[in-house]
**Q** 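Before anything else, here's the structure in question.
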Amino acid sequence: MRMPGKTLCALFLASAFLFPAFAGAQVFNFKEIEAKVREFRSLLDQAGSTGSRFWTRLDSSKRPHRLYVGEGFMNADETARENFIELFSRFLAGHPDKNMLIDIYDGSTSKLIGEYGFGGYRLFPPK
């Protein structure tokens, strides 16, 4: 008959030997993630109010985040808009593989014009 204590001891020892390998991999991934998020931030700074004016401000006090877009966003083609919103979502999530919900507002009128969420990116039809 097998002793459950010996099995638990063997599992504990195996995990103790494997843990440093997993811990090292996680630290490396955190540094990769931080570097990617810093890259996102620099791209968004270029697209901000001093750059191509894709966005003017962000209201993070509410969920989902409220992103106010500028004339650069309004004049861009659909692919550029979607890529920008996806990049902003990943920046807000703090991870290159995760997304954050965003409500998209017109920066000049402060009206809701679209959203980015579980259903993807979409702009509402103009009224």
**Q** Tell me, please, which residues at least two apart from Ser61 pass side chain to side chain donor-acceptor pair (under 3.5 Å).
**A**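 Checked Ser61 against side chain to side chain donor-acceptor pair (under 3.5 Å); matches are Asp59.
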
**Q** Which value, rounded to the nearest 0.5 Å, describes the distance between Ile33 atom CD1 and Phe30 atom CZ?
**A**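 It comes to 6.5 Å.
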
**Q** Sequence neighbours left out, what passes side chain to side chain donor-acceptor pair (under 3.5 Å) with Glu86? Give chain and number order.
**A**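 Listed in chain order: Arg90.
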
**Q** If you look only at distance, which donor and acceptor atoms sit under 3.5 Å apart when one is on a side chain in residues 72-81 and the other is two or more places apart or in another chain?
**A**
residue	atom	partner	partner atom	Å
Asn75	ND2	Glu71	O	3.1
Asp77	OD1	Ala80	N	3.0
Glu78	OE2	Tyr121	OH	3.4
Arg81	NE	Phe73	O	3.0
Arg81	NE	Ala76	O	3.3
Arg81	NH2	Met74	O	2.6

**Q** My understanding is that a hydrophobic cluster links ILVMFWY residues whose side chain heavy atoms are under 4.5 Å apart, including indirect links. Using that, what else belongs to the cluster containing Phe124?
**A**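 Members alongside Phe124: Tyr68, Tyr105, Leu112.
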
**Q** For Ala35, check side-chain contact (heavy atoms from CB on, under 4.5 Å) against everything at least two apart and list the hits.
**A**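 Per chain and number, Ala35 pairs via side-chain contact (heavy atoms from CB on, under 4.5 Å) with Arg38.
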
**Q** Does the side chain of Leu92 reach to within under 4.5 Å of the side chain of Leu67, using non-hydrogen atoms?
**A**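 In short, these two side chains do not touch, never coming nearer than 4.5 Å.
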
**Q** When His65 is tested against each of Leu58, Leu101, Ile104 for side-chain contact (heavy atoms from CB on, under 4.5 Å), which residue passes?
**A**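 That would be Leu58; it is the only one of Leu58, Leu101, Ile104 passing the side-chain contact (heavy atoms from CB on, under 4.5 Å) with His65.
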
**Q** Going by the salt bridge (Lys or Arg N to Asp or Glu O under 4.0 Å) test, which pairs reach into residues 103-125, not counting sequence neighbours?
**A**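 Every pair satisfying salt bridge (Lys or Arg N to Asp or Glu O under 4.0 Å) with a residue in residues 103-125: Glu115-Arg122.
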
**Q** Any side-chain to backbone donor/acceptor pair from Arg66 onto Arg63? Under 3.5 Å, distance only.
**A**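 It does not hold such a pair.
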
**Q** So, applying ring pair (Phe, Tyr, Trp, His ring centres under 6.0 Å) with Phe84, which one of Phe54, Phe91, Tyr116 is it?
**A**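 For Phe84, the ring pair (Phe, Tyr, Trp, His ring centres under 6.0 Å) check succeeds only for Phe54.
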
**Q** If you measure from CD on Glu39 to CG on Leu44, what distance do you get to the nearest 0.5 Å?
**A**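 If I round to the nearest 0.5 Å, the distance is 10.5 Å.
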
**Q** Is a salt bridge present between Glu34 and Lys31, judged by a nitrogen-to-oxygen distance below 4.0 Å?
**A**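 Here Glu34 does not pair with Lys31 in a salt bridge, since their nearest N and O are not under 4.0 Å apart.
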
